[in-house]
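These notes concern the structure reproduced below.
Every number for a ligand or one of its atoms is a count from 1 in the order of the listing. Starting from 1, each residue takes its place in the sequence as its number.
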Amino acid sequence: MEIKSNNMDENLDIKDGHLSLENEVLEQEIKTNVTEITPITKQYLQAVNHIKVVGNQYFIGDGRSTVCITVISDEIIRVRMAPNSIFLVDFSYALSTEEFRISRIDTYEDESIYRISTNTVNCTITKSNFHIGFSDRDDILVNEDEYPMHWEENTDFGGYYVYCTKKATPEESFFGLGDKPTEFNIRGKRFTLWGTDTYAFAKDQDPLYRNIPFYIGLKNGISYGLFFDNTFKSYFDFGYQENDKVSFWADGGELNYYYIHGPHMMDVVKRYSSLTGRHPMPPLWALGYHQCRWSYFPEKKVKEIASTFRAKKIPCDAIYLDIDYMDGYRCFTWNKKYFPDPKKMIRDLKADGFQTVVIIDPGIKVDENYFVYKEAKEKNYFCRRCDDYFMEGHVWPGRCQFPDFTNPEVRDWWGDLFRELVEMGVAGIWNDMNEPAVFGLGTFPSDVRHNYDGKRGSHRKAHNIYGMQMVRATYEGLKKLQDKRPFTITRSGYSGVQRYSSVWTGDNVASWEHLRLAGTMCQRLSISGISYCGSDIGGFTGEPDGELFTRWIQLGVFAPLMRAHSAGDTPEREPWSFGEAYEKICREYIELRYKLLPYIYSAFWEHFKYGFPILRPVVMQEQDNIENHFRQDEFTFGDKLLVFPIYEPECKAVDVYLPKGQWYFYWNNALMEGGKAHRVETPLEILPIFVKAGSVIPESPVMQYTGEFEIHELLLNIYYSDYQANSFVYEDQGDGYGYENNFYLERKFLVSGNEHSFSISQNREGSYSPRYEHCRIKVIGIPFKVNKVLIDGWEINQFDLNEFKDLIFVCDKNFRSIEIL
Ligand code: MIG
């Protein structure tokens, strides 16, 4: 590593090779020097006049301000700006602990530029104007400043509004930013990040619940990501104000961003998820179908819903209790009139294959006779206003106070409150209202103080991470209290929330427009690091008709989280609520979900282990094709199944674009050529699903709930291709942490075919061995007449061809190779 050191900056003090910023920073927090400077409008970085190198950090200054550029990995470069050369405490709720690789760093300097290069990215600083640019190994400029970074004194609160403006080229597209209810490609739009309770939100409404300051740019076939790790209210403008500029800015904090190189969108998303983490493996049951409503009560009603699922043979794994299960909406209590013996009810439900998930909100009722309130009050765990008054506000329980989840001690305490629920057998926790939502006010006033993990801050700084810290406390508490994998679902979240929870898209509406939004929003969440997501099937508010509900169930099969939910003032809404014709189709699709569970579980593993998003928009498969930048209806689940959900009433047919390669239409195995669109008929019972040629798709028999019975063989559907293709199938115990200690099985398949033969090889990783002994192999689409089947070199004499010419045979689960001639 070649490091050139330039003029020393007197403001920075180096001890043992480390910058000692801590002390200065603390001082900065207590005594800002606002008064010494006359209020200014925007200030810009000036010409670079000194550069200092400390390890992989490059401090570049203009005499007043300093920018710190850090090489995080070969593909990730971090940029921070300190207007008065004093950096804030370096602390982030977003980052996970993954370690990165830096192969080498080179620097280059001449009169006009300073350049820091890894083996994939160059970060170039133009000295005369302090513009920062990023280019790839071939010197293709990928991203560059339009203006030098700038800021403005915040005379009301201290600190600075911080701004960054970059160039947007005419063909550039933008994606990401979490849950925005708008078109998938966000070019031409402006957004705010400030988590908000948005009941019955409208298309294009902004902001919604989540705060994900990460976007992806794509131009000329090259993609990059930008993660602005700043928790203050922030803004993103993608060519809305001026078509050729992209800006992001925040009301405070540090201008602190990560440039993430591609060139492929998949690389960008994977690297972003290395930075901010991934959802651990969920319990297998949590990938089944969930039934929710505001609210199922009393106990009799809950049991009636559960037994109707079983009587009608509609699979279901989870049932939810919304706020009415509590005593006067007091968290961690039960309404004993409605639920006299919750432990027994939960046990009975479990015996019938149902897991119980209960809601917990952040508002704690002010009530001297309520143990949670008393404890938190004694321990001083509630949030306070600037003058030390408690932060009080009305939510469901009436007058409430709110734990400060940004205090690690509060998080520990909160986590432990779940002990009784866990002992009762509750399997999952649903955290709602954690933006936080307050009736009337919307949210907390900005003067509310937070511990912010000892770094201190007002609600201006903590608002966007409050909900995430709540569900973190919930998740970490559950993890300590049980050996099983926690299941959590949250409404609010900041980047990194995926380490602790699944999310749902919030209070949507029973309309066709919202069905389409659900499809787009889940894809967007998925590429924004939050793969474990879903929408309220059927629409939360309003009333769907049978057709809309059925189409939503179909979409839901292909959402990582499949949950139906509805508001209390709407008619009941279960898969059987719309008459038999709809019920039949809903059942078939929920059954399809259960058949696909081994595939869905494998796609989740691919997310957890390798960082692939579960839902993948078409642009991610073929980013060079500019038309794909605007495709938002179809997407793949994992990389083998492409679906085109139907977003319109009485839709007779759709034109589905299939990415290059060959695909089989799921319903009749017709082979279709990719790289073009195909017209597909779409009667209500048909959701267009396509399987990539060369795929190995594991299939489970239909069960009424996961683990209902042991399987005695695993079905592998193998789709012939005349090219090589990889697949893998993941299995483990379905719960617990064995997988962290190699106790799992990852089967890696390689298939390849030509006009006369087709072969399948298997390699296994991990020490788990499923109980069944055999695989039933079904090979679809063989174009030649089958004469011979060899398993590990031995010819077998038993194989069948069914009426569709699928080749079917049974073999040992540990086969190494199969040859079909
Ligand atoms: O003020 O708990 O988004 O899913 O059913 C409404 C009642 C509070 C909002 C959630 C919704 C939930 C509802 N909650």
Worksheet, complete the sentence: Checking heavy-atom distances from atom 13 (C) of ligand 1 to each of D361, V395, D432, the winner is D432
Quick one: which ligand 1 atoms are inside 4.0 Å of a heavy atom on [X]?
X: I323; result: 2 (O)
X: W504; result: 3 (O), 4 (O), 10 (C)
X: M433; result: 1 (O), 8 (C)
X: I359; result: 2 (O)

Do [X] and ligand 1 have an N or O pair less than 3.5 Å apart?
X: R563; value: no
X: D322; value: yes
X: D507; value: yes
X: D536; value: no

Fill in: Lys NZ or Arg CZ of R563 over Y320 ring: under 6.0 Å, within 45°
yes
Discussion item. Could you check whether R330 makes a cation-pi contact with Y373, meaning its NZ or CZ is under 6.0 Å from the centre of the six-membered ring and within 45° of the ring axis?
Written reply: no
Discussion item. Salt bridge or not between D251 and R460? Use side-chain N to carboxylate O under 4.0 Å.
Written reply: no
Worksheet entry | Pair D206 + R190, salt bridge at N-O below 4.0 Å | no
Worksheet item: Any non-hydrogen atom of Y199 lying under 4.0 Å from ligand 1?
Response: no
Worksheet item: Would you say W430 contacts ligand 1, with heavy atoms under 4.0 Å as the rule?
Response: yes
Worksheet item: Counting distance only, does the side-chain N/O of D327 pair as donor-acceptor with the main-chain N or O of T333 below 3.5 Å?
Response: no
Worksheet item: Does D536 use its side chain to pair, donor to acceptor, with the backbone of H565 at less than 3.5 Å?
Response: no
Worksheet item: Looking only at protein heavy atoms, which one is nearest to atom 4 (O) of ligand 1, and how far off is it?
Response: H565 NE2, 2.9 Å
Worksheet item: Can you tell me how far CD of E648 sits from CG of L515, rounded to the nearest 0.5 angstrom?
Response: 10.0 Å
Discussion item. Under the side chain to side chain donor-acceptor pair (under 3.5 Å) test against R411, which residue among D453, T474, D416 passes?
Written reply: D453
